[in-house]
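Counting starts at 1 for both ligands and their atoms, following the listed order.
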Amino acid sequence: MSKIKPSKGAPYARILGVGGYRPTRVVPNEVILEKIDSSDEWIRSRSGISTRHWAGDEETVAMMSIEASGKAIADAGIAPEQVGAVVVSTVSHFAQTPAIATEIADKLGTQKAAAFDISAGCAGFGYGLTLAKGMIVEGSAEYVLVIGVERLSDLTDLEDRATAFLFGDGAGAVIVGPSQEPAIGPTVWGSEGDKAGTIKQTVSWDKYAVGDVSQLPLDSEGNVKFPAITQEGQAVFRWAVFEMAKVAQQALDAAGISPDDLDVFIPHQANERIIDSMVKTLKLPEHVTVARDVRTTGNTSAASIPLAMERLLATGEAKSGDTALVIGFGAGLVYAATVVTLP
Ligand SMILES: CC(C)(COP(=O)(O)OP(=O)(O)OC[C@H]1O[C@@H](n2cnc3c(N)ncnc32)[C@H](O)[C@@H]1OP(=O)(O)O)[C@@H](O)C(=O)NCCC(=O)NCCS
């Protein structure tokens, strides 16, 4: 017989507030065209993207996270002291240790909240949301701050015509807290590590320490380049279109709802053609609002879903209480989909 008392969590969890931060600098396709042979028309028609935001020196991962989180905390109507855990999903915080989450938790004014980073690429928001729900139902935190934040402009090779136009910077955050009814469905998630090479960093950091320039990427003038994200665009595109629509359907089934019951669809903002294809495969009815934030935000990886959610609510295209399907997918390859009630 165990002597351990059972933990007392909430019956269910829900998203209570959302906030976003987009860097001030808006970068149109014309700027991307300075370094690659392409056209505004090609970029728009192949990806849907017309502008993205790039962070300035002051717009660090921590700064953008704090801005987005402050809004999410205010939107949830709680005080920073009530946040029991801070989960930051990012691939663009450049110190191996410590996690950026602890600095964010401190600067926000939490009371020594548990804080850690996760690396789950463009599925990072869904992974964080799933952890948050678990903590609340299990009872180790009453309110959890989940942040998706990226400065992908630091990891973009502007001379790579396969990726230069895709990525953007920003932060999105949500507060997850207790609920008396289900408001975050079961997560359908997973990984396909056999495809790990399809989205990856050009060179690992340790190669820079060796100082052997022959192992490092060089720009057109022969200067050593910072590592960048590289991908097999077509392979990723096919995987996203065929496999992720199935995962999205499984998330609907797991939540016990049909496409007709949905109000909003917020897929990872990677490419508008992937979004269109998923809408078609899932046979989403006309009344479902589809997030197309990619057009003016680009792909911000872990930040993309909360940023898109924030914008839909801010513009009135979606409203509090709406039922939304969210799905993230990317480097790993990893994915996570769930149905949520919007804050
Ligand atoms: C990157 C992506 C937009 C490229 O579109 P695509 O239709 O697959 O393009 P392809 O690589 O097949 O290239 C098609 C043609 O366009 C050309 N092309 C490639 N990049 C180009 C560019 N930036 N501008 C103009 N032409 C370009 C190619 O050379 C090729 O020409 P060819 O037909 O004469 O050989 C697309 O593959 C994609 O979005 N993939 C998924 C990206 C993604 O979501 N990644 C993150 C997941 S989290």
- Taking it one step at a time, do Trp205 and Phe226 satisfy ring-ring contact (aromatic ring centres under 6.0 Å, His included)? CA-CA 9 Å; Trp205 298 109; Phe226 203 67; 5.3 Å; yes
- Item | Nearest neighbour of atom 13 (O) of ligand 1 from the list Gln269, Glu272, Arg46, on a heavy-atom basis | Arg46
- Message: If you take the nearest heavy atom of each of Gln231, Gln234, Arg273, which one is closest to atom 10 (P) of ligand 1?
- Response: Gln234
Would you say [X] and ligand 1 have an N/O pair spaced under 3.5 Å apart?
X: Ser38; answer: yes
X: Ala331; answer: no
X: His268; answer: no
X: Asn299; answer: no

- Rounded distance (nearest 0.5 Å) linking atom CZ of Phe165 with atom OG1 of Thr51: 14.5 Å
Would you say [atom] touches the protein, meaning some protein heavy atom is under 4.0 Å from it?
atom: atom 22 (C) of ligand 1; result: yes
atom: atom 15 (C) of ligand 1; result: no
atom: atom 33 (O) of ligand 1; result: no

- Looking at ligand 1, does Ile43 have a heavy atom less than 4.0 Å from it? no
- Query: For atom CD of Glu181, is the number of surrounding heavy atoms from other residues, nucleotides or ligands below 6.0 Å larger than 12?
  - Reply: no
